Protein chains: 2
Amino acid sequence: MPVELTPSQALGLWHAVSLAQVRVDSRDLTLRQMAILLQIYLVPPPHTVRGLAATLGVTKPVITRALDTMGALGLVDRVRDERDRRNVVIKRTVEGSLYLEKFGDLIINQGRNLPL
Amino acid sequence: MPVELTPSQALGLWHAVSLAQVRVDSRDLTLRQMAILLQIYLVPPPHTVRGLAATLGVTKPVITRALDTMGALGLVDRVRDERDRRNVVIKRTVEGSLYLEKFGDLIINQGRNLPL
DNA sequence: CACAAAAGAAACGCTTGCGTAACGATCGCC
DNA sequence: GGCGATCGTTACGCAAGCGTTTCTTTTGTG
C-alpha cells in the first residue's frame, strides 16, 4: 500500500517530525543510528553486526558503536549466539519498542496536521 | 492537505528513507541539523541564530555549530545583517536546495514503494 | 556620551563518532 | 589436532558535538 506524497508534503512531513522530535527528546540520534534501530525493529530477526553493516553499507565498528550507544540508552540489547559463539544477536527491548511506538505516533500526528 | 498514515506505514517510511539516505550519502546529519536545515528552507526568511534556537528549543551555540558544519558542507550561508549588525541572516544555497530536493524525491519514492 | 542589553561567536573541558588497523575468540575443515 | 577464515570488539588518532561561560560587536536609551 503505497503512500503518495507531493514534494511539499514529503519535506514538510520530515520537517515537522524532526522539529517535534528535537523539541521533545534530547536524545539526538544520528540518521545512521535511527536506520539501525528501525532495521532491528521492523525487519524479522535475527540481526547480527555483520548483517547490519552490510545492509547499511557501513563498516562493522560503526554498528558496534551504535549498539554501544543505543544499548546504554536501553533501546537495544546484545546476546551472544550460543549456536555460533562468534555471532552476536541483537535483541529488541521494551524501552526500544516504546520509543519507536511514540515516534510512529509523532509521524502520524504530524502527517495529519500538515498545513494545507 | 493532511497525510493519513498507519503506524506501519509511518515507521516503514522512516525506515526506508533513513536506510536509503545512509547508503547514498556519507554525510550523516544529526536530527537537529536536519531540523535546522529544513526550517531554513521551508519557512520564509529571515532566519537568525536566535530565532532558530528558540524554534528548536536549544541553545545558541548549538545553532552556531550546526551552521559551521553545514556551512562547510555548502548547505547554508551566513550574511551579516546590515540593518542591525548584531544579527546574522542565514541564507539558502544552491547546493542546499539541491540536497533537499534530492532528499524529497527520496521520501516520495520510498513512500511509493512501501510494501503492501 | 555612557552604559546596560542583545546577538552571535569563541573558549573550555568533555563526550561521542569516525575510519583504519589490529586483536582475541570461535568455527569449519582437512 | 592444527590452521586459515570469520565474527565482533578494541585501539588509535582525529574530527565534531555538547553545555556552560566568557567575549566582542553593536544597538538603543537615559
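This structure is a prediction, so every number in the text was calculated from the model and none was measured. Below, read A as the first sequence line, B as the second, and so on, with proteins coming before strands; counting in each chain starts at 1.
One interatomic measurement links the two molecules: CG of B:L75 to P of D:dA16, which rounds to 14 Å at whole-angstrom precision. One interatomic measurement links the two molecules: CG of A:L52 to C1' of D:dC7, which rounds to 13 Å at whole-angstrom precision.
The aromatic rings of B:W14 and A:W14 lie parallel to each other, their planes meeting at an angle below 30°, with 60° marking the opposite boundary.
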How far apart are the C-alpha atoms of A:H47 and A:Q39, what are their side-chain angles, what is the distance that settles it, and do they pass the side chain to side chain donor-acceptor pair (under 3.5 Å) test?
CA-CA 9 Å; A:H47 296 289; A:Q39 179 75 16; 4.9 Å; no
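Put simply, the side chain of B:R80 gets close to the backbone of B:R86: a donor and an acceptor are under 3.5 Å apart.
Between B:V17 and B:L13 the shortest side-chain heavy-atom distance falls below 4.5 Å.
Distance from the side chain of B:R78 is smallest for C:dA9 among the nucleotides C:dC27, C:dA9, C:dG8.
Nearest heavy-atom pair, B:A35 versus B:L56, reported as atom, atom and distance to 0.1 Å: CB-CD1, 3.7 Å.
The phosphate of D:dC7 has neither OP1 nor OP2 within less than 4.0 Å of any side-chain N or O from A:R86. For C:dA9, the OP1/OP2 oxygens have a side-chain nitrogen or oxygen of B:T64 closer than 4.0 Å. One finds no side-chain N or O of A:R85 lying less than 4.0 angstrom from the OP1 or OP2 phosphate oxygen of C:dA25.
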Each nucleotide of nucleotides 13-24 of chain C classed B (base within 4.0 Å of a protein heavy atom), S (only sugar-phosphate) or -, in 5' to 3' order, makes ----SBBBB---
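Here A:R78 pairs with A:D68 in a salt bridge; the nearest charged N to carboxylate O distance falls below 4.0 Å.
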